[in-house]
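Remarks on the structure that follows.
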Amino acid sequence: MKSQAFERIYEIIQKIPKGKVVTYGQVAALAGYPGAARTVGWALGSLTGEKDLPWHRVINASGKSSLAEETQRKLQQALLEAEGVVFDENGKVDLEKFRWKGK
DNA sequence: AACCTGACTTCGG
DNA sequence: TCCGAAGCCAGGT
């Protein structure tokens with residue numbers, strides 16, 4: 001593997017329990033790279049789909065999706081709703097309830 | 001080795 | 001409360 005940071009990040013994301021979400025900064029911290037939130041998003045952007053990672057459980061600090069394409073955002077929201085995560089009228093997730101503390 | 005980029009975060013107006 | 005700018009870390013070129 002070329003980058004350990006990615007492996008760590010992927011490992012953390014795979015541990016996110018169903019029905020829970022986590023912010024990029026949270027993943028970075030759990031992976032051992034506090035403050036490297038952007039790196040996490042970048043790592044996810046590099047995903048090819050072969051990893052089978054629950055990327056949809058990773059959102060930004062606002063509790064919303066940072067995806068550029070609306071189709072992708074809708075997909076993410078749909079996947080989370082299917083797991084029990086609730087979105088408010090603004091399309092935001094209640095981090096107080098669904099944020100995974102990690103462990 | 002230096003510079004650029006990015007699915008972020010936070011502070012300020 | 002909402003929008004814009006600066007700061008962050010790691011990887012890629």
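Just so it is clear, the values below take in all heavy atoms, side chains as well, and ignore hydrogens, waters and symmetry mates. This is a predicted model, so every value here is computed, not measured. Each chain gets a letter, A, B and so on, in the order its sequence line appears, and its residues count up from 1.
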What is the nucleic acid contact for A/G35, judged by heavy atoms within less than 4.0 Å: base, sugar-phosphate only, or nothing?
sugar-phosphate
Do A/E83 and A/H56 have side-chain N/O donor and acceptor atoms under 3.5 Å apart?
yes
Under 4.0 angstrom, heavy atoms only, what part of the nucleic acid is A/T23 near: base, sugar-phosphate, or nothing?
sugar-phosphate
Closest of C/dG11, C/dC9, B/dC8 to the A/T39 side chain is C/dC9
Which ones in residues 70-94 of chain A lie close to DNA chain C, meaning a heavy atom under 4.0 Å from one of its atoms?
none
Nearest to the side chain of A/W42, heavy atoms from C-beta on, is which of C/dC9, C/dG11, B/dT9?
C/dG11
Would a distance-only check, ignoring hydrogens and angles, find a side-chain to backbone donor-acceptor pair under 3.5 Å from A/S65 to A/L67?
yes
Presence of A/S66 side-chain N/O under 4.0 Å of B/dC8 phosphate oxygens OP1/OP2:
yes
B/dT10 C1' sits how many Å from A/R38 CZ, rounded?
13 Å
Is a donor on one side and an acceptor on the other found under 3.5 Å between the side chain of A/R57 and the backbone of A/I16?
yes
Distance check needed: C/dG7 P versus A/Y24 OH, whole Å only.
23 Å
Using whole Å, what does the distance between atom P of nucleotide C/dC9 and atom OH of A/Y33 come to?
13 Å
Would you confirm whether the ring centroid of A/W42 sits within less than 6.0 angstrom of the ring centroid of A/F6?
yes
Salt bridge check, A/E69 against A/R73: does any charged N sit closer than 4.0 Å to a carboxylate O?
no
What is the distance, rounded to the nearest whole Å, between atom CD of A/Q26 and atom P of B/dT10?
10 Å
A/L47 CG to C/dG11 C1', straight-line distance once rounded to whole Å:
15 Å
Rounded to the Å, how far apart are A/E7 CD and C/dG11 P?
11 Å
Length of the line joining A/N60:CG and C/dC3:C1', which is rounded to integer Å
15 Å
